[in-house]
Protein chains: 2
Amino acid sequence: MSDRTGGQSGDLEATDRAILRELAQDGRCSFTDLGERVGLSVSAVHQRVRRLEQRGALRGYTAHIDGEQIGLPLTAFISLTPTDPAAPDDYPQRLQHLPEIESCYSVAGDESYILQVRVASPLGLEELLRQIREAAKVSTRTTVVLSTPFENRPPEI
Amino acid sequence: MSDRTGGQSGDLEATDRAILRELAQDGRCSFTDLGERVGLSVSAVHQRVRRLEQRGALRGYTAHIDGEQIGLPLTAFISLTPTDPAAPDDYPQRLQHLPEIESCYSVAGDESYILQVRVASPLGLEELLRQIREAAKVSTRTTVVLSTPFENRPPEI
DNA sequence: ACTGAAAAACCTCCGAC
DNA sequence: GTCGGAGGTTTTTCAGT
């Protein structure tokens, strides 16, 4: 044990957290810039990033795309409640083939899962709900997103 | 007008969609690779990516970080209901200073907003709820995430 | 674990088509 | 809109500390 002073770290020290913070903000940041920002040589940063990737602390890099411009302007949250309480809980596997579902969360509370979905239109949403109910034998509750004041802000590391 | 055959495009043709698809999957993909994957020269891809960024179709690049390893293992959804229906709707501005809030969605339905948050512990969640109610004068309904079967999958472009 | 240097790969700009 | 090439920059590796 080293700097585990009761803080918030899950095993990472300051420099690694700084690297994650920068990459969470700018996923295409060069190693050269990264090195300057965290006060380390290019090779040292490179080595640390590779280690963070192998540890699973860095889970991947993605570009964020405007839903409107790709013809998927409608976002919604869909809450799932099993209709047969005795059925085995393999809902994620039953649903993962539907590309409209971006995220799937298992949750505590009245409902069992929350899905975040993106579709082209209300009709597309209706069709997706039909597919979800058919694939997973669940009842659904849908909340349509009207606008997104902010999204995917980097966590405070 | 060109290929607007009633498809799903919001003004983008095949090559641009292919570029977005690749970058959504691998945000650090090099222009060289990108060019090979979509069948274009490096310079052509470079030019198209710049144009997609300027258009706002590409909104940014981020690394995805494992919440557990940075000491924020607890994710939750918080639904907001205004306590004073006559108050002006400036909730996002009132809440954006709280870094625990990753996303804020304005929604149709019983509640007005859905927040996605990340905190260190149940105590951290309790404190965040207190701050949200204080900053925005809302009542809250919280759904705790138990596990995340999948998240942020690239949309089907 | 970090540094510095060298080779390979990459990015960016430019003129031409 | 696309291409190929030139020059500067970045990535990646490696020996040394």
Side-chain angles (χ1 to χ4, degrees), chain A residues 1-5 7-66 69-71 154 157, chain B residues 1-5 7-66 69-71 154 157:
Chain A
M1 239 176 262
S2 49
D3 63 351
R4 213 81 68 73
T5 52
Q8 55 136 38
S9 151
D11 232 21
L12 290 173
E13 44 79 46
T15 308
D16 282 328
R17 285 205 297 269
I19 290 171
L20 294 178
R21 199 185 315 128
E22 294 300 328
L23 285 175
Q25 238 159 23
D26 176 8
R28 278 186 86 87
C29 182
S30 76
F31 289 92
T32 308
D33 286 354
L34 210 47
E36 284 171 15
R37 292 183 206 174
V38 307
L40 230 53
S41 74
V42 180
S43 352
V45 163
H46 186 250
Q47 202 174 21
R48 277 177 184 257
V49 169
R50 287 190 66 79
R51 220 172 297 136
L52 288 166
E53 286 169 347
Q54 283 176 339
R55 268 180 84 159
L58 269 167
R59 298 166 86 182
Y61 309 88
T62 63
H64 292 261
I65 283 138
D66 184 17
Q69 300 207 32
I70 56 170
I157 305 177
Chain B
M1 240 175 260
S2 47
D3 64 351
R4 213 79 69 74
T5 50
Q8 56 135 36
S9 152
D11 233 20
L12 291 173
E13 46 78 47
T15 307
D16 282 328
R17 285 206 298 269
I19 289 171
L20 294 178
R21 199 184 315 129
E22 293 300 328
L23 285 175
Q25 240 159 21
D26 176 8
R28 277 187 85 86
C29 182
S30 75
F31 288 90
T32 308
D33 285 352
L34 211 47
E36 284 172 16
R37 291 183 207 175
V38 307
L40 231 53
S41 74
V42 179
S43 354
V45 163
H46 186 247
Q47 201 173 22
R48 277 177 184 256
V49 169
R50 289 189 66 79
R51 221 173 296 135
L52 288 167
E53 285 168 349
Q54 284 176 338
R55 268 179 85 158
L58 268 168
R59 299 165 92 190
Y61 308 87
T62 63
H64 292 262
I65 284 136
D66 183 17
Q69 299 207 30
I70 56 171
I157 304 175

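In what follows, every chain begins at residue 1, and chains take the letters A, B, ... in the order their sequences are listed.
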* Asked: What closest approach, in Å, do Ser30(B) and Asp33(B) show between heavy atoms, and which atom pair accounts for it?
  -> OG-N, 3.1 Å
* OP1, OP2 of dC11(C) versus side-chain N and O of Thr32(B): anything below 4.0 Å? -> yes
* Structure fact -> Between CG of Leu40(B) and P of dC11(C) the distance, given in whole Å, is 14 Å
* Sugar-phosphate, base or nothing in reach of Ser43(A), heavy atoms under 4.0 Å -> base
* To do: Quickly work out the Leu34(A) CG to dT11(D) P distance and round it to whole Å.
  => 9 Å
* Nucleotide dC3(D), atom P - distance to CD of Glu36(B) in whole Å -> 13 Å
* Identify whether any heavy atom of His46(A) sits under 4.0 Å from a base atom; if not, whether one sits that close to sugar-phosphate; answer base, sugar-phosphate or nothing. => base
* To do: Whole angstrom is fine here: how far is it from CZ in Arg50(A) over to C1' in dT12(D)?
  => 9 Å
* In whole angstrom, what separates Phe31(B)'s CZ from dC3(D)'s P? -> 15 Å
* Structure fact -> Rounding to the nearest 10°, end axes of the helix from dA1(C)-dT17(D) to dC17(C)-dG1(D) built from five pairs each make an angle of 30°
* Beyond-backbone contact of Ile157(A) with Leu12(A), side-chain heavy atoms, under 4.5 angstrom -> no
* Quick one: label Arg51(A) by what it contacts on the DNA or RNA (base, sugar-phosphate, nothing), any heavy atom closer than 4.0 Å. => sugar-phosphate
* **Arg28(B) charged N/C atom sitting above Phe31(A) aromatic ring, 6.0 Å / 45°** => yes
* Nearest non-hydrogen partners of Glu22(A) and Val38(A), listed with the distance -> CG-CG1, 4.5 Å
* Tell me whether the OP1 or OP2 atom of dC2(C) has a side-chain N or O from Arg48(A) closer than 4.0 Å. => yes
* Close side-chain approach of Ile65(A) to Leu23(B), heavy-atom, < 4.5 Å -> no
* To do: Mind listing the closest non-hydrogen atom pair of Tyr61(A) and Gly27(A) along with its distance?
  => CD2-O, 3.7 Å
* Structure fact -> Rounded to whole Å, CZ of Arg28(B) lies from P of dT10(D) at a distance of 13 Å
* To do: Take atom CG of Asp33(B) and atom P of dA8(C), then tell me their distance rounded to the nearest Å.
  => 19 Å
* Structure fact -> Given the options Arg48(A), Arg21(A), Arg50(A), Asp16(A) meets salt bridge (charged side-chain N to carboxylate O under 4.0 Å, His left out) only with Arg48(A)
